[in-house]
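Labels below follow one simple rule: chain letters A, B, ... track the order of the sequence lines, proteins then strands, and each chain is numbered from 1.
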There are 2 protein chains.
Amino acid sequence: MTQSIRVAVSTVILTLRRAESGEAVLALPLVLRTREPFADQWALPGGWLTSAESPVDASARTLSETTGLAPSYLEQLYAFGAVDRSPTRVVSIVYWALLRQDDVDAQSEAHRASGHAPENVRWFDVHDLPQLAFDHAKIIEYALWRLRNKVGYSRVAHGFLPSEFTLADLREAYEAILGKNLDPANFRRQVEASGNLLPTDRFRTGSHRPARLYRYNTDVALADRGPLGPEETSIR
Amino acid sequence: MTQSIRVAVSTVILTLRRAESGEAVLALPLVLRTREPFADQWALPGGWLTSAESPVDASARTLSETTGLAPSYLEQLYAFGAVDRSPTRVVSIVYWALLRQDDVDAQSEAHRASGHAPENVRWFDVHDLPQLAFDHAKIIEYALWRLRNKVGYSRVAHGFLPSEFTLADLREAYEAILGKNLDPANFRRQVEASGNLLPTDRFRTGSHRPARLYRYNTDVALADRGPLGPEETSIR
DNA sequence: CCAAAAGTGTTTTAAATACACCCATGC
DNA sequence: GCATGGGTGTATTTAAAACACTTTTGG
C-alpha cells in the first residue's frame, strides 16, 4: 500500500517565436496522448521516472526526445501530488526549461528538410493553448508565473537568445515574458548596470541605425539556485 | 522496473526560540532514526507517502505527530530525487513549515507537566545541528536560504509570532532569520507602510516605555503562492 | 530629406539608509 | 534622575521612471 504510487516527470519547455503579426510570443511543445486516460488530448512532454535516472536527467532526456535539443536553462518547477489529479495515483515532478530561439528555428528547418519531424508533437503559443490533459493547464500557468517572477531578479531571459544579440532582442524577450512594453532607454541602463552583458565590436545592420551586438557574461549565473548542488538542479 | 521507486515526504519545521544568551534563534525538531540506513542518526520528520494522502497532507500529519501542533505556514520546498541519495531509490518531497513560538512553548510545557513527550524527538538550534542522515543537512540549508529570501518580499516572519506582538518582536524575528541587525526606526516605517499590520489599543508593559501591540492584517496573504490552488500548496 | 530605431541626457519620483533626537516607563 | 528601549523627524543616497533629444542608417 505504500506502493501503487508512480512517479512521473514532465517539463514545460518554453521558447520565443515570431508570430504572424511579427511580434515575439512564448511557445511550447505539447504531445498528443495516444492512450487512456485523456487519449487524444494534448499534454506536457514527459514519462515515468525509472530507477536508474534522476528526475532532472529524465526531464532533460524527454526534452531531447521531444525537441531534439538541449535546454539553455532547466529548473524544477514543483512536485504535484494531489490524490485526484489522475485516475491512478501519480506524483509528477515537473520541470521548466528554456530553449534558444535560434536552436528551435534550426531544428524545425532540419525537420522540414528531412521530412521526418517527431510524431504527435506540436508547438503552441502560450496564449492559444488547446484543451489539456490532467492538471497540465494549471501547471503551465504556474510555470509562466515563475518565469515572469524570475525575469525580474535574474537573467533567465537570456536563455531564449543566441550567443550574440542586440539590446532590442533582449528587451523583446522581456516584453514577451512580462506582457508589457518597456522603455528602451531605461531598459538599456538597467541591463548595462547589471554587469551581465559584454559589448562586442560587431553590429547588426539591415534596418535603420545599426545596433551593437552583445554577449553573455558567462561569469554570472543565469539564476541563483541557492545552496542546491548540480545533481539536484540542472544537467550535469 | 518503473516501480521500486518509493516516495517519502519530509518537513523542515522551523520556529524561533530564546537561547540561553537571551537572543532569538531558529530551531527545528529532528527525529532519531531507529532503523537502517543511518540508524542512530538524526533526520527530518517524515514518512512514506501513502496512496490515500496528498504530499501536503502527509507533511502536515507528520508535523503534527512530531510536535503535536499545526503550522502557521506550510510550503513545498523541493523534490529531491538523485539516484544515490539513499541506498534504496527514494524520491523525497520536502516541505518547510513555520510554528508559532507561543504554540511551541505551550506544547513543551504541557509535555513537561504530563511527563510524556514524544520519543526520539529533540529540538536543535539551526547553528548547532548534529550529524544528519541522508542529504538532510543540505536540505535544511536550502530551507533556511528560502526563508531568508522569502522574508524580504513577504510577511512569512509573522508565522513565528503570536496573534499580538510588538514591533520589536517582529524585528527580532527578521533579525534571527537574516542574521543581521536592522535599524528599528527604518524597520518600523517599512512594516507600517506595507499595510500588513493593524495597531491595537493595547500595550506591552514590564520594561521601560510600553510598546504598542499589533495584529496581522488577515486580508493579506502570508506569501504569494501564485496560481497554485490550496490542494497543492497549504493545508485544506 | 524623412522615417525609424539606436543611443544619450536630464528631471522627477519613490524608496532605502543613516542617524539625531524626543518620549515614557522601571528602578 | 537616569538608563533603556519606544517612537518621530530629517537629511542623504540610490534606484526607478518619464521623457526630451541627438545619432545613424535605409529608402
Side-chain angles (χ1 to χ4, degrees), chain A residues 16 18 21-24 148-155 157 161-162 164-215 220, chain B residues 16 18 21-24 148-155 157 161-162 164-215 220:
Chain A
L16 269 188
R18 204 150 299 282
S21 65
E23 65 176 355
R148 277 194 300 272
N149 252 296
K150 204 138 198 166
V151 81
Y153 62 90
S154 78
R155 34 168 290 231
L161 299 184
E164 294 197 343
F165 51 88
T166 67
L167 289 180
D169 293 338
L170 183 57
R171 181 165 47 85
E172 188 177 42
Y174 273 78
E175 289 176 342
I177 292 167
L178 296 173
K180 65 176 181 186
N181 293 331
L182 302 172
D183 182 301
N186 294 331
F187 181 80
R188 163 183 300 272
R189 264 186 294 263
Q190 276 174 256
V191 81
E192 278 176 344
S194 75
N196 294 333
L197 293 191
L198 298 175
T200 71
D201 51 0
R202 309 195 332 114
F203 289 82
R204 176 180 302 160
T205 59
S207 66
H208 313 303
R209 175 173 175 175
R212 182 180 293 277
L213 290 167
Y214 290 81
R215 306 189 132 272
V220 184
Chain B
L16 268 188
R18 203 150 300 279
S21 66
E23 64 177 355
R148 278 195 299 273
N149 250 298
K150 204 138 198 167
V151 80
Y153 62 89
S154 77
R155 37 169 289 232
L161 300 183
E164 294 197 342
F165 51 89
T166 67
L167 290 180
D169 293 338
L170 183 58
R171 181 165 47 85
E172 188 176 41
Y174 273 77
E175 290 176 340
I177 293 168
L178 295 173
K180 65 177 182 185
N181 292 332
L182 301 173
D183 182 301
N186 294 331
F187 180 80
R188 163 184 298 272
R189 263 186 294 263
Q190 276 173 256
V191 81
E192 277 177 344
S194 74
N196 293 333
L197 293 191
L198 297 175
T200 70
D201 52 1
R202 309 198 328 117
F203 290 81
R204 175 180 302 161
T205 60
S207 66
H208 315 304
R209 176 173 174 177
R212 183 179 293 277
L213 290 166
Y214 290 81
R215 306 188 132 273
V220 184

Q: Without decimals, in angstroms, what is the distance between Asn181(A) CG and dA18(D) P?
A: 12 Å
Q: Go through the N and O atoms of the side chain of Arg189(B) and the base of dT10(D), and report whether any donor-acceptor pair is under 3.5 Å.
A: yes
Q: I need the minimum non-hydrogen distance between Glu164(A) and Arg204(A), along with the two atoms involved.
A: O-NH2, 4.5 Å
Q: By nearest atom, which of the nucleotides dG6(D), dA16(C), dG7(C) is closest to the Arg188(A) side chain?
A: dG7(C)
Q: Provide, to the nearest angstrom, the distance between the CZ atom belonging to Arg171(B) and the P atom belonging to dG5(D).
A: 10 Å
Q: I'd like to know if Arg209(B) reaches the base of dA24(C) with its side chain such that a donor and an acceptor end up less than 3.5 angstrom apart.
A: no
Q: Starting at the 5' end of DNA chain C and moving along, which residue's nearest nucleotide shows up first, Pro184(A) or Ser207(A)?
A: Ser207(A)
Q: Once you apply a heavy-atom cut-off of 4.0 Å, does Ala193(B) come out as touching a base, just sugar-phosphate, or nothing?
A: nothing
Q: Rounded to the nearest Å, what distance is computed from the CZ atom of residue Phe187(B) to the C1' atom of nucleotide dG7(D)?
A: 14 Å
Q: Which of these nucleotides, dT8(D), dT4(D), dA4(C), is closest to any side-chain atom of His208(B)?
A: dT4(D)
Q: Over how many whole Å does the gap from Gln190(A) atom CD to dA18(D) atom P extend?
A: 11 Å
Q: State, with a plain yes or no, whether a side-chain heavy atom of Leu170(B) is found less than 4.5 Å away from one of Phe187(B).
A: yes
Q: Determine whether Arg215(A) and Arg202(A) make a side-chain contact, defined as any pair of heavy atoms from C-beta on separated by less than 4.5 Å.
A: no
Q: What does Arg204(A) touch in the nucleic acid at a heavy-atom separation under 4.0 angstrom: a base, only the sugar-phosphate, or nothing?
A: nothing
Q: Go through dA6(C), dC19(C), dG9(C) for me and flag the one nearest to the Ala185(B) side chain.
A: dC19(C)
Q: Can you tell me the distance, in whole Å, between the CZ atom of Arg212(B) and the C1' atom of dT8(D)?
A: 14 Å
Q: Rounded to whole Å, please give me the gap between CG in Leu182(B) and P in dA15(C).
A: 19 Å
Q: Determine yes or no for a side-chain-to-main-chain donor-acceptor pair under 3.5 angstrom, with Glu192(A) supplying the side chain and Leu197(A) the backbone.
A: no
Q: CG of Asn186(A) versus P of dA20(D): gap in Å, rounded?
A: 13 Å
Q: For Ala168(B) and for Pro210(A), find the nucleotide of DNA chain D with the closest heavy atom, then tell me which residue's nucleotide is more 5'.
A: Ala168(B)
Q: Asp183(B) CG to dG9(D) P: how many Å, rounded?
A: 15 Å
Q: Within the distance-only criterion (no hydrogens, no angle test), does the side chain of Arg148(B) pair as donor or acceptor with the backbone N or O of Ile177(B) below 3.5 angstrom?
A: no
